[in-house]
Amino acid sequence: MDTDEVARLIESDIEDAEATVTQPRGTHDDDHLAAVVVSPAFEGESLVSQHQMVYDALGEYMTRDIHALELKTYTPEEYENSRTNA
């Protein structure tokens, strides 16, 4: 599945989300994806709930077109902290 389309699906379903989607195994393996999603909608949500929000945004694509998704979710503050502490 096209990485831009996956990012668009996530961003259209999660409020103020910014998603970066890549193919960590290379372009030959297009059903294994990695996504970094930053959204204020994650504030106060558990990691499990954050990930579920992303899976819900992708709906049936998660079972039909995406075999695996490496997922990292952050609130904007957490993301900024992760970049300054890296």
Any chain of hydrophobic side-chain contacts (each under 4.5 Å) joining Met62 to Ile10? yes
Hey, quick one: are Leu69 and Val36 part of the same hydrophobic cluster, counting side-chain heavy atoms closer than 4.5 Å, chains of contacts allowed? no
Give the intermediate values and the outcome of side-chain contact (heavy atoms from CB on, under 4.5 Å) for residues Phe42 and Val54. CA-CA 10 Å; Phe42 296 148; Val54 175; 4.2 Å; yes
Kindly compute the distance separating NE2 (His51) from OG1 (Thr73), expressed to the nearest 0.5 Å. 3.5 Å
Taking all heavy atoms of Gln23 and all of Met1, pick out the closest pair and write down the distance. NE2-O, 4.4 Å
Does Glu80 reach the main-chain N or O of Glu77 with its side chain, forming a donor-acceptor pair under 3.5 Å? no
Minimum side-chain heavy-atom gap Glu70-Leu33 below 4.5 Å: no
Quick one: CD on Glu43 to CD on Glu78, what's the gap to the nearest 0.5 Å? 7.0 Å
Rounded to the nearest 0.5 Å, what separates atom CG in Asn81 from atom OH in Tyr74? 11.0 Å
CG on Leu58 to CE on Met53, rounded to 0.5 Å: 12.5 Å
Considering non-hydrogen atoms only, spot the tightest contact between Asp13 and Asp56 and give its length. OD2-C, 4.4 Å
Closest heavy-atom pair and its distance - Ala34, Pro24: N-CD, 3.6 Å
Would you say the side chain of Glu18 lies within less than 4.5 Å of the side chain of Val37, judging by non-hydrogen atoms? no
Using a strict threshold of under 4.0 Å (side-chain N to carboxylate O), is an ion pair present between Glu5 and Arg8? yes
Looking at Glu15 and Ala41, would you say the former's side chain and the latter's main chain have a donor-acceptor pair under 3.5 Å? no
OH of Tyr55 to CD1 of Ile66, rounded to nearest 0.5 Å, is 10.0 Å
Any chance you could measure Leu9, atom CG, to Ile14, atom CD1, to the nearest 0.5 Å? 10.5 Å
